[in-house]
2 protein chains.
Amino acid sequence: MPSSHRPTISDVASLAGVSIATVSRVINGSSQVAGQTIQRVQAAITDLKYTPHAAARVLASRKTNTIGLLLPEISGAFFQPLLRGIEAGAQEAGFDLLIHTTDDTQSNAGIRRPLGEHNTDGLLVFTDSLDHKELRRLHSIGFPVVLLHQAPPKSLMIPVVTIENQSGAQKIVEHLIVVHGCRRIVFLQGPEDHEDSVWREKGYRQALKDHGITFNPSLVLRGGFNPDESRQALTRLLSNGKGFDSIFSGDDDSAIGVIQALRQAGWRVPEDVAVVGFDDSSFARTLDPPLTTVSAPTERVGREAVRQLVRIIRAEKVEPRLILPTELVIRQSCGCQA
Amino acid sequence: MPSSHRPTISDVASLAGVSIATVSRVINGSSQVAGQTIQRVQAAITDLKYTPHAAARVLASRKTNTIGLLLPEISGAFFQPLLRGIEAGAQEAGFDLLIHTTDDTQSNAGIRRPLGEHNTDGLLVFTDSLDHKELRRLHSIGFPVVLLHQAPPKSLMIPVVTIENQSGAQKIVEHLIVVHGCRRIVFLQGPEDHEDSVWREKGYRQALKDHGITFNPSLVLRGGFNPDESRQALTRLLSNGKGFDSIFSGDDDSAIGVIQALRQAGWRVPEDVAVVGFDDSSFARTLDPPLTTVSAPTERVGREAVRQLVRIIRAEKVEPRLILPTELVIRQSCGCQA
DNA sequence: CTGAAAGCGCTTACAG
DNA sequence: CTGAAAGCGCTTACAG
């Protein structure tokens, strides 16, 4: 790129016949400038097709006007509404968004941190995408961070935005028990140590307990919150015969694999086995049968998380814990009629 | 954030007892430094938990080491593999990724361009997310740009990465004609002026022509590449009775709406109407019935686009047009057996 | 192999 | 309302 072609604030200043300080003022509206002067400066800007150099502004003003998002991956239907909410929130607040997906395969060697205090004003951190050590470091220098779907490490006061996992799970399992008379309910866990999964399992156990059903560990499998792992886990379980009457698949993605495995083994859903999910992903209503699930306000999580983060950046008060409500969505995969 | 807490290159230099130039050299490996000196500097860096300030490096070195991605939205199953590929490509090349979704509702007033030469070394531009005027401006200053799924405006030589839309569409329509004896084939267009849609329609018409079927404009509807619009379009068409034997729904997202509309009207897929899509989205195989479609190498598109862009940034030669192959994927929604 | 110094393009007290 | 000047934290010729 021929950088000589690129106009700077000085070019604008000389063309308009003012100082660079004045140009800066009209660009930022940071103090009173005479109407005529404004006109001249704006004309010069238009003439030169001038765009302020972002890095120079950052360096001089010590604000990046950018928030960072750390994700474990960009895939799965779950992240779509999350990203949509975050994008929207950032736009509303006038911040740019820098996204980085952490990849376990790459070692963290070297100084260069992809996202941090050197290129953002604050960070949104999704479950397990930043180790506790780095979280501690950011906290120790007072850098704004908001956690998504993940509690902070012990004794660190970092704001969190998440959803009512436990009560949502409890409600849907209760629905299986009370409305459909289920007693032997399989639960498919998410990835190991995944907090959403941990809380959903608590809700599952609570519902069993409330209705006098003994918890049976052999009905709990790891499904990893994805179709493949879930299909395999269920196929393995089915090889011992169908020792269950229903499945709470942990999330909607898993439900896809679960239904495939059941079909392949010749079982009908919901006639032979009731299946329910969690999230109310975009595809849930178009599954066959339409999936009974728990609606999670994922887009709102994204939006609210940005709001919280921006408040921290502006040194305003924030909620230490924002837990958004979930809601039971009855469709047909549990055995209810349309 | 207490910026006083943040160590700078000077802090590292004094702790290590060297000049800041030397610190810069060990960080960047930009020239020979004595082994002992390196050790001392690295110890100081570790000690202070020093991270170089990104904006300062950008300003001094005149490179951002960042590529920008302009998208019309982040949603729809289509964007997942695209983002995955772009993320991967950027990581491989050692570039950061800045994402901005353009929103038609916001006017482009003001100087502040979200993504451009002031904060990136190059831009990936997806269909219709940047107007021709801005594209011209970027081209005129020699700024690296790669277009995705979109040809450049007339006379601008901007590299493109896209897929074989026409031949893919032609193959799948041909399959309907030759294997399933279809003659009255509905085509659902994407959004207006969407290039993928234009090429797919060409493939559709070519296949008809090759097999002596007269093109019937009343069988072409706008489906917008989304389930809702497609469902409505088809429901409208069905109100005149079922004057067709099959549907090429333009993309997989549309196929969802198409199948819903058919079911609601009491028609079976594929017994009464064959339905095929395009993309081979993640959900295509789990639809009911599993969707016959055209597999698009969307992840590869993302990855290759980054490669091209990086080559331009490095002033290396690039392909002016990279067109990745598509492939017919036969499942059951066309009437074939499993 | 190392340092002193200029410069990247802005913002922001400080004066007036 | 406006300007001169210092400074943000780096990189990079230029000397030695």
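Quantities reported herein were computed from a predicted structural model and do not represent experimental measurements. Just so it is clear: chains get the letters A, B, ... in the order the sequence lines come, proteins before strands, and each one is counted from 1. Hydrogens, waters and symmetry mates play no part in the numbers below; they use all other heavy atoms, side chains included.
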Asker: Checking A:Ile9 now: which residues fulfil side chain to side chain contact (heavy atoms under 4.5 Å, CB included) with it, not counting sequence neighbours?
Answerer: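 With neighbours one apart ignored, the set is A:Ile20, A:Val23, A:Ser24, A:Tyr50.
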Asker: Can you measure B:Gln39 atom CD to C:dC1 atom P for me and round it to whole angstrom units?
Answerer: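 Distance check: B:Gln39 CD to C:dC1 P gives 14 Å.
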Asker: Run the side-chain hydrogen bond (donor to acceptor under 3.5 Å, both in side chains) test against B:Ser30 and tell me which residues pass, sequence neighbours left out.
Answerer: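 Listed in chain order: nothing, the list is empty.
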Asker: Could you list the residues that satisfy side-chain hydrogen bond (donor to acceptor under 3.5 Å, both in side chains) with A:Thr8, not counting sequence neighbours?
Answerer: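 By the side-chain hydrogen bond (donor to acceptor under 3.5 Å, both in side chains) rule, A:Thr8 matches no residue at all.
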Asker: What integer distance in Å separates A:Asn119:CG from D:dC10:P?
Answerer: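 A:Asn119 atom CG is separated from D:dC10 atom P by 13 Å.
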Asker: Wobble G-U and Watson-Crick pairs count when both distances are under 3.5 Å; given that, what is the 5' to 3' dot-bracket string of DNA chain D, with | for pairing to other strands?
Answerer: |||.||||||||.|||
Asker: Going by side-chain hydrogen bond (donor to acceptor under 3.5 Å, both in side chains), name the residues that satisfy it together with B:Asp196, two or more places apart in sequence or in a different chain.
Answerer: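 If we apply the side-chain hydrogen bond (donor to acceptor under 3.5 Å, both in side chains) test to B:Asp196, skipping adjacent residues, the hits are B:His149, B:Asn165.
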Asker: Whole Å only: how far is the CD1 atom of B:Ile45 from the P atom of D:dC10?
Answerer: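 One finds 10 Å between P of D:dC10 and CD1 of B:Ile45, rounded.
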Asker: For the backbone of A:Leu138 and the side chain of A:Ser140, can you confirm whether one donor and one acceptor N or O come within less than 3.5 Å of each other?
Answerer: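 Side chain of A:Ser140 to backbone of A:Leu138, a donor-acceptor pair under 3.5 Å: no, none is there.
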Asker: Identify, between B:Leu59 and B:Gly35, the residue whose nearest nucleotide on DNA chain C lies closer to the 5' end.
Answerer: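 Per heavy-atom nearest nucleotide, the more 5' residue is B:Gly35.
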Asker: Name the nucleic acid region contacted by A:Val58, choosing base, sugar-phosphate or nothing; use a 4.0 angstrom heavy-atom cut-off, strictly under.
Answerer: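 Nothing, no heavy atom under 4.0 Å.
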Asker: Using a cut-off of 4.0 Å on non-hydrogen atoms, how would the nucleic acid contact of B:Ser10 be classed: base, sugar-phosphate, or nothing?
Answerer: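 It contacts nothing in the nucleic acid.
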Asker: Expressed as a whole number of angstroms, how long is the span from A:Arg40:CZ to D:dC1:C1'?
Answerer: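 After rounding, the gap between these two atoms is 12 Å.
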Asker: Has B:Thr37 got a side-chain N or O lying under 4.0 Å from the OP1 or OP2 atom of C:dT2?
Answerer: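 True: B:Thr37 side-chain N/O within range (under 4.0 Å) of C:dT2 OP1/OP2.
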Asker: Among residues two or more places apart or on two chains, list those pairs meeting salt bridge (charged side-chain N to carboxylate O under 4.0 Å, His left out) that have a residue in residues 307-317 of chain A.
Answerer: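 Residue pairs passing salt bridge (charged side-chain N to carboxylate O under 4.0 Å, His left out), neighbours aside: A:Glu92-A:Arg307, A:Glu304-A:Arg307, A:Arg311-A:Glu316.
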Asker: Can you tell me if the side-chain N/O atoms of A:Ser19 get under 4.0 Å from OP1 or OP2 in D:dA4?
Answerer: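 Looking at the OP1 and OP2 atoms of D:dA4, neither is under 4.0 Å from any side-chain N or O of A:Ser19.
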Asker: Round to the nearest Å and state the distance from B:Gln36 atom CD to C:dT2 atom C1'.
Answerer: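 So the CD-C1' distance, B:Gln36 to C:dT2, works out to 14 Å.
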Asker: Applying ring-ring contact (aromatic ring centres under 6.0 Å, His included), can you list everything that pairs with B:His194, at least two apart in sequence or on another chain?
Answerer: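 If we apply the ring-ring contact (aromatic ring centres under 6.0 Å, His included) test to B:His194, skipping adjacent residues, the hits are B:Phe225.
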Asker: Using a 4.0 Å heavy-atom cut-off to protein, can you give one letter per nucleotide of nucleotides 11-16 of chain D, 5' to 3': B if the base is in contact, S if only the sugar-phosphate is, - if neither?
Answerer: BBB---
Asker: Give the C-alpha distance, both sets of side-chain angles, the deciding distance and a yes or no for side chain to side chain donor-acceptor pair (under 3.5 Å) between B:Arg57 and B:Asn65.
Answerer: CA-CA 10 Å; B:Arg57 304 181 90 173; B:Asn65 231 304; over 6 Å; no
Asker: Nearest to the side chain of A:Tyr50 - C:dC8, C:dC10, C:dT2?
Answerer: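 Nearest nucleotide to the side chain: C:dC10.
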Asker: Does C:dG9 have OP1 or OP2 sitting under 4.0 Å from an N or O in the side chain of A:Arg6?
Answerer: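 No.
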Asker: In this structure, how many angstroms lie between the C1' atom of D:dG7 and the NE2 atom of B:His53, rounded?
Answerer: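 Going from NE2 in B:His53 over to C1' in D:dG7 covers 13 Å.
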Asker: Nearest whole Å is fine: how far is C:dC10 P from B:Arg62 CZ?
Answerer: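 After rounding, the reported distance stands at 10 Å.
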Asker: A:Glu195: which residues meet the side-chain hydrogen bond (donor to acceptor under 3.5 Å, both in side chains) condition with it, sequence neighbours left out?
Answerer: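 A:Glu195 satisfies side-chain hydrogen bond (donor to acceptor under 3.5 Å, both in side chains) with no other residue.
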